[in-house]
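Below is one structure, written out as structure tokens, with a few remarks after it.
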Amino acid sequence: MTYLELHQKIEQQISQLPPEQLSLVSDFLDSIQEKNTVNQRPLRRISPIKRGKKAGDLLHYAGTWHGDDLEDCLRLVEETRSQTQF
């Protein structure tokens, strides 16, 4: 589907919506536009770890985190990982 066809389809769908659903579409579009305008700091490129390296080499990266979702990621790990038995 071309851009023009998609645009026309969306316009037609919007023109048939009742006001309460149109409001939902507007809220959704606002949220998409906010994500595009958020000023995000670009990630720093780090060279890949070469094969044959040891796990200790990962300590070079210990304590580094890019982003603001560390708590969410840790929660996901805790919720989705099974318990280990030693």
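Values in this document were obtained by computation on a predicted structure and should not be read as measured data. Computed from heavy atoms alone, side chains included, the values below leave out hydrogens, waters and symmetry copies.
Side-chain atoms of Ser31 come within 3.5 Å of backbone atoms of Phe28 as a donor-acceptor pair (strictly under, hydrogens ignored). With Ser26 contributing its side chain and Leu22 its backbone, the two residues share no donor-acceptor pair below 3.5 Å. Between the side chain of Gln16 and the backbone N or O of Gln13, no donor-acceptor pair lies under 3.5 Å.
Here Gln33 contributes atom CD and Asp30 contributes atom CG; the two are 6.0 Å apart, rounded to the nearest 0.5 Å. In this structure, the separation between CD on Gln12 and OG on Ser15 is 6.0 Å, given to the nearest 0.5 Å. For the atom pair CG of Leu4 and NZ of Lys9, the computed distance is 14.0 Å after rounding to the nearest 0.5 Å.
Transitive grouping of hydrophobic side chains (ILVMFWY, heavy atoms separated by less than 4.5 Å) brings Leu6 and Leu29 into a common cluster. In this structure, Met1 is a member of the same hydrophobic cluster as Ile14, with clusters built from ILVMFWY side-chain heavy atoms closer than 4.5 Å.
Annotation: side chain of Ile10 is not in contact with side chain of His7 (no heavy-atom distance under 4.5 Å).
Of all heavy-atom pairs between Val25 and Leu17, the closest is CG2-CD1, 3.6 Å.
Within a 6.0 Å sphere centred on CG of Asp68, heavy atoms belonging to other residues, nucleotides or ligands number 12 at most.
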